[in-house]
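Notes for the one structure printed next.
In what follows, chains carry the letters A, B, and so on, assigned in the order in which the sequence lines appear, proteins first and then strands, with residues in each chain numbered from 1.
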There are 2 protein chains.
Amino acid sequence: MNQRKKATIRDVAEAAGVSIATVSKYINRQQSFSPSVEEKLRSAILDLGYSQNPAARSMVTGRTTAIGLAVMDISNPHYANVMKGANRVALANGYNLLVVDLEEKSTGVRELLEPLVLRTDGLIVSARIPKDVVDWLAELDKPVAFLGQPERQGVVSVGMDSVEVASLLAGYLAQQGFTRIGYVGYPRAAWNVERLRGLHAVLDPAGIELMEFNAEEPTSEAGERVAAKVLLRSDRPQAVIGCNDLVAIGLMTQARALGFRIPEDVAFAGIDNIPTSRYVTPALTTVDVFSEATGEAVMKQIISMVTDQPPSDELRRQPLLIVRDSAKRVSGDDIPAKAEELSKSEELGK
Amino acid sequence: MNQRKKATIRDVAEAAGVSIATVSKYINRQQSFSPSVEEKLRSAILDLGYSQNPAARSMVTGRTTAIGLAVMDISNPHYANVMKGANRVALANGYNLLVVDLEEKSTGVRELLEPLVLRTDGLIVSARIPKDVVDWLAELDKPVAFLGQPERQGVVSVGMDSVEVASLLAGYLAQQGFTRIGYVGYPRAAWNVERLRGLHAVLDPAGIELMEFNAEEPTSEAGERVAAKVLLRSDRPQAVIGCNDLVAIGLMTQARALGFRIPEDVAFAGIDNIPTSRYVTPALTTVDVFSEATGEAVMKQIISMVTDQPPSDELRRQPLLIVRDSAKRVSGDDIPAKAEELSKSEELGK
DNA sequence: TTGAAAGCGCTAACAA
DNA sequence: TTGTTAGCGCTTTCAA
């Protein structure tokens, strides 16, 4: 069955008594064959254990049947789930996934991506990379789809609208009756300004104060680190939005360590709806951005670009508010610093 | 700078006025050159934006400078962190990572792995794949390193000793004074029997009863689903070990939903020390298996195999017990087998 | 339906 | 130090 040395198309041709061209056409299902040839080919391939050498094929066709995926941080469950979706669609279509974890780096990114361009037919890249790298990619003679909206027009991007996501959350918090809301952002991300825009768009008209803070990284650890700054102050926000669930969970954990009751003393909400958010206490209110479906969608998109097919009519999904316990307006009591107007609207009972 | 068509080695040779062999040697740093040639090469490559075609190179050298990584479930933070470590070492050594998420499948695994073998110089594969696939891989003419110990001798494997991990945890729980301990395993994993062995090795001599349960999958959801079966019984265990943190967290969450106080009524412990385990309430006692370091180690290992270097003298790391609140023996009283009583837990007073 | 032959871009002898 | 050349395994005209 298995030879010591990999069988080549030539070995198959010889074993089957046909030319290599015929073998090539056979394995690529490019035409029909006489039954006798077909059978000989089938068995020759089988007992030589032959399989195509992708490098050789790639050389002449110029295609690799591989897609590159570059994410900011694979240990962020959002990205892991994007990858899960992308992986599924890639495998189903006969593509392999070349993955690069950027580890939240902002320098040397292009050097990391460079090897991918020759090795793949198309690239999926987080929009959160430096602008010059986005530009370089966009100018490349290779299909690229961005995860999220980069600071550049005219590129393909898949993912939620950041403004919308933020507005959705702001709307809910406003409706809960919070009047002073904190946002812990991550200024190095392109979406940060959009989030802020979405927040302001809803909160400003409602006369709700928005306090802006920044995390050093979009991680739980960074959330923990910034918590004291956000919470230990006379004008402490009544509700705090983390720029993602990880940050929110870090904030919430540290808030509890500082002695705050959640959500009575301070409420929390996140963005992404990572699996963990359901298992923390209290369960985290968040916005589902459908990470896995996003991964599937972006992979479908890049594959259709690569194969010159019309883009899949995957409609842009709407973000979905996930109401859990961490951001319920439970009591109207003290929380002061100054006066707290109770009697705000209390629509959602439970 | 950037041509419409990718520049080839021939273009560079022409632009620099040298032969393609010289260019090849130059880009592979195989010898030294006269200053004039060196300079011409440098600038020609630069302004043609040339880069090596990996497929072409691979064809003649037979090497791909890519490593395959197949994990059971990339949304399990353990695997995501293994991948993070592997990614880091791979990139640092000029290798690219071809990743396959097996999605906990147990059929068709070989078909998923097959394309990787021709595309990579070596493979890192979870030991939790079907035995026949392990055998196939082991017989392959390609370096393979397993993540964890598969049911087969004589293969390279990196990761914690499952017996040891289980014993460590059992030792702690015994020391805490628990006398009836539950283990929620995942029978389809090769490590399951070893875990059991490690547990029994410690608990049996101590006269501690071990109750065995199984989760349908190694996930939090499966943990939640099995919780009732584990807990709603007259001989309820005083402490429950999840076969990984995910399962333990699911169990714990559902236990709380069922009205149990943790760890007073029932204690929990997991295995892996995924980041989340620190953020649940109460924080989960677990065993650190150093996922990320494992990823680094296994990648170093496979690279040294691929390059015929002596295996890195990475010593096998010991698992580390992480004591947190979920498994502290708080009350010595007799956990009643029936109803729950007492007031609610007031936890943090503030 | 089948085959011959020309490369794809590169490396590695071997020569010069 | 530099160049010539023979392939690596495959696909793809173009003929037969």
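- When each of B/Asp132, B/Val134, B/Val133 is checked for a side chain to side chain contact (heavy atoms under 4.5 Å, CB included) with B/Trp136, only B/Val133 meets the rule.
- B/Thr61 comes within 4.0 angstrom of the backbone, heavy atoms only, and of no base.
- Remark on DNA chain D: of its neighbouring residues A/Arg57 and B/Ile20, the 5'-side contact belongs to B/Ile20, judged by nearest-heavy-atom nucleotide.
- Using a 4.0 Å heavy-atom criterion, one finds that B/Thr8 contacts the sugar-phosphate atoms exclusively.
- In this model, a side-chain donor or acceptor of B/Lys25 finds a partner on the base of D/dG3 within 3.5 Å.
- Side-chain polar atoms of A/Ser291 and A/Thr294 form no donor-acceptor pair below 3.5 angstrom.
- Taking side-chain N and O atoms only, A/Thr22 has no distance below 4.0 Å to OP1 or OP2 of C/dT2.
- Using a 4.0 Å heavy-atom cutoff across all strands shown, B/Gln31 reaches at least one base atom of the nucleic acid.
- At a threshold of 4.0 angstrom between heavy atoms, the contacts of A/Val23 with the nucleic acid are absent.
- Across C/dA4, D/dC10, C/dG9, the shortest atom-to-atom separation from the side chain of A/Ala21 is found for C/dA4.
- Using a 4.0 Å heavy-atom criterion, one finds that B/Tyr50 contacts the sugar-phosphate atoms exclusively.
- Within the 4.0 Å cut-off from OP1 or OP2 of C/dT1, not a single side-chain nitrogen or oxygen of A/Gln30 is found.
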